[in-house]
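Please read the structure below before turning to the comments.
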2 protein chains.
Amino acid sequence: MAVIKDVAKLAGVSPSTVSKYLNNPQSVLAKNCEKIEMAIKELNYRPNLFARQLRVQDSHTIALIAQEIMNPFHATIYNTIRKAAIKKNYSVILYSISDVGGELSTLLDSIPRNYFSGIIVCYFHDMDKSLEFALANKDIPFTIMSNIPYTNNLENVRLLYGDFAHGIEMITEFIIGKGRKKIAYVGCMTRQPDQEPKFTSFMRTMGRHNLKPHSVVRLQKEYRAETGYESLKIILEKEERPDAILVDNDIMAIGVLRGLADHKIKVPDEIIVTGFDDITMASFYSPALTTVRVPIEAMSIKAFDLLYEMMEKGNIATEIPVFVPEIVVRETTS
Amino acid sequence: MAVIKDVAKLAGVSPSTVSKYLNNPQSVLAKNCEKIEMAIKELNYRPNLFARQLRVQDSHTIALIAQEIMNPFHATIYNTIRKAAIKKNYSVILYSISDVGGELSTLLDSIPRNYFSGIIVCYFHDMDKSLEFALANKDIPFTIMSNIPYTNNLENVRLLYGDFAHGIEMITEFIIGKGRKKIAYVGCMTRQPDQEPKFTSFMRTMGRHNLKPHSVVRLQKEYRAETGYESLKIILEKEERPDAILVDNDIMAIGVLRGLADHKIKVPDEIIVTGFDDITMASFYSPALTTVRVPIEAMSIKAFDLLYEMMEKGNIATEIPVFVPEIVVRETTS
DNA sequence: TTGTACGCGTTATCAC
DNA sequence: GTGATAACGCGTACAA
């Protein structure tokens, strides 16, 4: 493998000139540029990233800490951030909470934090630990995506907030507005019930209408169709059936729908079903799923942009929008 | 940020002793180990990866070149390889063909090849270019996943082969066995028809039964549900409807199913539909999709294992299994 | 078993 | 505009 010295020798200039050519071609005489270019081609030279990174102390690589990407919602986050990063010449390494059995702190301990130019944390279920981590690594830019309104005054942290609780409030109101009163709630036991913004928002809205849930199933499992399928089984064990099932994410809602199809229970006639996220499959499933759309692509792009700003331009205070969800009505409710 | 020298000073030993402790603790006296450990904790020392990588010329990072991961089939490949890599302390950086408009050569040119400890190529549509790339980078271990039986004698390359053509043959026979004769084919125009193993396998099998396809739709678009939906529209424009639709991937098959639901065309009574891949959604969709299961997790794990062997142990000639698909019969055909 | 000295390949600085 | 020189932090041969 040819190194910069070889190129310099062949081109008849010094290594520094080659380096300058690589990093700022305009500052090198045209005739030298030509010679260098030819030498690079001739030797098939590629800069050694190891050396460059050591010198500039920058990997141009960011870490994304996120949930299992077999869930399309999280795959979208990862993919959107990855694409945004590539455009700016950054690489992304994904760290999935599911790799370490859902333990954020285990994951955080394991990553070589001082290697990354920046870190994006997208794990809604443990904001405290995320912030603590950012606090302990003040020299690294962070973007933390959250589903509850946090504020902070850390120089190295940008917080991004999607108002998921409001989304749940809207969809709960929507279901109640349809005249349904026996409403079941399906989610995952990611944290204590009173700590989970979606669930608490549901209960609060129900309370406003003096309603109690038909049932609540929050298994301690992954967000997957299988888990939704299993949750439905538990709901149907009750003597009385619900007339609506609010699932707090799409992928599990699809598991629920599949279970209802198995039981030949008509959707939406007997039971209406709603999801959350608006993954692609929500509109392609049959019946198509009524759900809450969160502008996750926009959020993901913003997450990277904020990080990029910190990484390249230092700390600029930018206006950060709040991302508001909206209801998408489809076949499972009408 | 503390460096190894600081640790050495605090522990009262030399930097090289600390280095040895980090890389081979047994070769350092127990009492020194203790002191070093304490110093590391005290200073919150983390080895500088930039320096280590420069010294050993190894990033412990592999590149995966694959298709768009918003397709669950490819997401599975990526995720499985990533998880396998993590266990062996390797990171994975994903390069998606879709990022560069589907041009493999553009992508290959852009990646810093000399940075990676190994490269896995999983792009079935241009084997020649993949092999050519591996040939031009003999110092990097490669695993290339393919859907046609290739052989090679490159020291740095392992080829992995899933017999997709056989899968298509089986499912075509299966459809014909159901007595259907007006069979439509849906896929993507990734390469010329006579170069595409799935499509040629379909045509060959049809030919054996003296059958001509009802229609063939291979749009030059991404493998997505939308594309399947669109393809169906084109099929239904024909005067006569097909009685079977063979889709060569699941995600587009779901788009087709959704379209059929829109037209109130009964599946499987009027038209039977089959897919390929057996993504999770195939079994959760309603009606559940008959498809061809390829052991993609096993293939992905093997892909990494072969690479790992080359990266760590040098070139060992290992038996590589052929991965054979099987039909999974579900509701869309019965 | 431990310490000293050097080199990995690049870029930033500063004379010229 | 160009070139010599130092420095980034770690691993390792070699000497002690």
Side-chain angles (χ1 to χ4, degrees), chain A residues 1-40 43-61 89 91 112-117 139-140 311-312, chain B residues 1-40 43-61 89 112-117 139-140 312:
Chain A
M1 208 77 238
V3 300
I4 203 168
K5 223 191 324 183
D6 305 323
V7 177
K9 195 175 288 177
L10 186 61
V13 296
S14 79
S16 341
T17 307
V18 178
S19 175
K20 272 221 296 217
Y21 166 78
L22 291 169
N23 297 301
N24 187 16
Q26 300 120 330
S27 71
V28 175
L29 281 183
K31 70 162 87 172
N32 283 336
C33 286
E34 252 177 67
K35 285 197 282 185
I36 292 170
E37 241 165 89
M38 285 186 43
I40 287 176
L43 297 170
N44 190 25
Y45 166 77
R46 304 240 163 190
N48 184 311
L49 278 190
F50 301 128
R52 161 176 284 161
Q53 291 182 353
L54 173 61
R55 180 57 227 219
V56 303
Q57 292 289 324
D58 177 14
S59 62
H60 250 60
T61 302
N89 246 300
S91 294
R113 56 274 305 272
N114 57 357
Y115 176 76
F116 294 106
S117 310
D139 45 345
I140 307 176
M311 294 187 301
E312 303 258 308
Chain B
M1 206 80 239
V3 300
I4 204 169
K5 222 189 331 182
D6 304 324
V7 176
K9 195 175 288 177
L10 186 58
V13 295
S14 80
S16 49
T17 306
V18 178
S19 174
K20 273 221 295 216
Y21 166 79
L22 291 170
N23 297 302
N24 186 16
Q26 300 120 329
S27 71
V28 175
L29 284 182
K31 72 164 86 171
N32 281 337
C33 285
E34 251 178 67
K35 285 196 283 184
I36 293 170
E37 241 165 271
M38 284 185 44
I40 288 177
L43 297 170
N44 190 24
Y45 167 76
R46 305 240 162 190
N48 184 310
L49 278 189
F50 302 129
R52 160 176 285 162
Q53 291 181 354
L54 173 61
R55 186 63 178 78
V56 302
Q57 290 288 324
D58 178 14
S59 62
H60 250 61
T61 302
N89 245 300
R113 55 259 326 264
N114 57 358
Y115 176 76
F116 293 106
S117 311
D139 46 342
I140 307 175
E312 302 259 306

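Chain A is the first sequence line, chain B the second, and so forth, proteins listed ahead of strands; every chain is numbered from 1.
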Tell me if the CD atom of Glu312(B) is crowded by more than 12 foreign heavy atoms within 6.0 Å. yes

Are a donor atom and an acceptor atom from the side chains of Ser19(B) and Ser16(B) found within less than 3.5 Å of each other? no

Rounded to whole angstroms, how far apart are CG on Asp6(B) and P on dC8(D)? 12 Å

In chain order, what residues pass the side chain to side chain contact (heavy atoms under 4.5 Å, CB included) check against Leu29(B), with sequence neighbours excluded? Asn32(B)

Hey, which sits more toward the 5' end of DNA chain C by its nearest nucleotide, Thr17(B) or Gln57(B)? Thr17(B)

Using whole Å, what does the distance between atom P of nucleotide dC10(D) and atom OH of Tyr115(A) come to? 15 Å

Among dT10(C), dG9(D), dC8(C), the one nearest Leu54(A) by side-chain distance: dG9(D)

Return the 5'-most residue of the pair Ala51(B), Val28(B) with respect to DNA chain C, ranking by each residue's nearest nucleotide. Val28(B)

Nucleotide by nucleotide, nucleotides 11-16 of chain C touches protein heavy atoms under 4.0 Å in the pattern (B base, S sugar-phosphate only, - none) BB----

Separation of atom CG in Asp58(B) from atom P in dG9(C), rounded to whole Å: 14 Å

Donor-acceptor under 3.5 Å (Gln57(B) side chain, Leu54(B) main chain): yes

Over all strands shown, is Leu29(A) touching base, sugar-phosphate only, or nothing at heavy-atom distances under 4.0 angstrom? sugar-phosphate

Could you tell me how far apart Asn48(A) (CG) and dG9(D) (P) are, to the nearest whole angstrom? 17 Å

Could you state the CD1-P distance from Ile36(B) to dG11(D), rounded to the nearest angstrom? 13 Å

Show the numbers, then the answer: is there a side-chain contact (heavy atoms from CB on, under 4.5 Å) between Val28(A) and Val13(A)? CA-CA 11 Å; Val28(A) 175; Val13(A) 296; over 6 Å; no

Should the heavy atoms of other residues, nucleotides or ligands under 6.0 Å from CE of Met38(A) be counted, would the total exceed 12? no

Lys5(A) NZ to dA4(D) P, in whole Å, measures 13 Å

Given atom CZ of Arg46(B) and atom P of dC10(D), what is their separation to the nearest angstrom? 13 Å

For atom NZ of Lys9(B) and atom P of dG9(D), their distance in whole Å: 14 Å

Run the side-chain contact (heavy atoms from CB on, under 4.5 Å) test on Tyr21(B) and Val7(B) for me, step by step, so that the C-alpha distance in whole Å, both residues' side-chain angles and the decisive distance to 0.1 Å come before the verdict. CA-CA 11 Å; Tyr21(B) 166 79; Val7(B) 176; over 6 Å; no

